[in-house]
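Have a look at the structure below before the remarks.
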Amino acid sequence: MNTNLPIIARLNPPPPLPDGLAAVESPITQGLPHAVALMPRWRAVLVMPLGVAASLFELPPGTLISSDLEEAEPAPLLERPPLSSRPAPRLRIQFDGVTVAVLPLAAGLLADVAQEDGSARLRLHIRRWAIHAGTLLGPGDHGSFVALSAGPADLGVAEYGPVPPSPAVVARLPAQDRMESRRGFRVAMRLRRIAQLKERLR
């Protein structure tokens, strides 16, 4: 299925973002890896391993290597830079300097990250980013940035869906007040008749 079609985006709207997330937009001027403070004791470190960086020296520093537009724009996709491998930016989510999760840099991703013992939880939403060739080579302002939203994930659900009725209660309802499939019943009756015919043939 071509997930880049506009109709697919309309039929699959992104889930609504929860309240309480603070927007963080961090320009990248010191190259990668790039650390972004999210909350006290929490930070995200942006990395993008390419394997071989020799091809970057031939590109203009302002060449766009990776951005959220690659996923947001409908087909055809934006022309990719001439690299030997596909860029794979990642976010290392750290608590007190220790990496507890690694997330792909995907537009619209909403993830809950917990500390190893589960005592502290972080909710992270990836909004936008842009990484240029010059940023991968070293410090400099080449227009690269990463925009996130983060907040504590320590609140329970305020609203609950209806509890499904018990099968015992449904069975006691009148036939006009309940809906049930008869396909399984018909199959069972046919199998019973086949078994009866086999018994007669013996």
- Task: Please list, chain by chain and in numerical order, all residues satisfying side-chain hydrogen bond (donor to acceptor under 3.5 Å, both in side chains) with T135, sequence neighbours excluded.
- Result: S144
- Note on the structure: The salt bridge (charged side-chain N to carboxylate O under 4.0 Å, His left out) partners of R121 (sequence neighbours excluded) come to D112
- Do V102 and L91 have side chains that get closer than 4.5 Å, going by heavy atoms? no
- Would you please name every residue forming a salt bridge (charged side-chain N to carboxylate O under 4.0 Å, His left out) with R128, sequence neighbours left out? E25
- Would a hydrophobic clustering, with Ile, Leu, Val, Met, Phe, Trp and Tyr connected at side-chain separations under 4.5 Å, put L109 with F145? no
- Message: With a 4.5 Å cut-off on side-chain heavy-atom distances among I, L, V, M, F, W and Y, is there a chain of contacts connecting V100 to L122?
- Response: yes
- Task: Go through the steps to decide whether I65 and L59 satisfy the test side chain to side chain contact (heavy atoms under 4.5 Å, CB included), and finish with yes or no.
- Result: CA-CA 10 Å; I65 301 298; L59 300 177; 4.1 Å; yes
- Message: Run the side chain to side chain contact (heavy atoms under 4.5 Å, CB included) test against A101 and tell me which residues pass, sequence neighbours left out.
- Response: I93, V113
- Message: I need the minimum non-hydrogen distance between H142 and G134, along with the two atoms involved.
- Response: CD2-C, 3.3 Å
- Message: Is a donor from one side chain sitting under 3.5 angstrom from an acceptor on the other, for T63 and H132?
- Response: no
- Which atom of A23 lies closest to which atom of S149, heavy atoms considered: CA-OG, 3.8 Å
- Mark yes when over 12 heavy atoms from residues, nucleotides or ligands other than R92 sit less than 6.0 Å from its CZ; otherwise mark no. no
- Message: Could you report the tightest heavy-atom contact between H34 and P27, atom names first, then the distance?
- Response: CE1-O, 3.3 Å
- Does the side chain of S67 pick up a donor-acceptor pair with the side chain of W129 at under 3.5 Å? no
- Going from CG on L105 to CD1 on I126, what distance comes out if it is rounded to the nearest 0.5 angstrom? 5.0 Å
- Query: So, do L21 and L124 sit near enough that their side-chain heavy atoms are less than 4.5 Å apart?
  - Reply: no
Show which side-chain atoms of residues 39-49 pair as donor or acceptor with protein atoms under 3.5 Å away, not counting sequence neighbours.
residue: R41; atom: NE; partner: D96; partner atom: OD1; Å: 3.0
residue: R41; atom: NE; partner: D96; partner atom: OD2; Å: 3.1
residue: R41; atom: NH2; partner: D96; partner atom: OD2; Å: 2.5
residue: R43; atom: NE; partner: Q94; partner atom: OE1; Å: 2.7
residue: R43; atom: NH2; partner: Q94; partner atom: OE1; Å: 2.9

- Query: Which residues satisfy the side chain to side chain contact (heavy atoms under 4.5 Å, CB included) test with Q30, sequence neighbours excluded?
  - Reply: P139
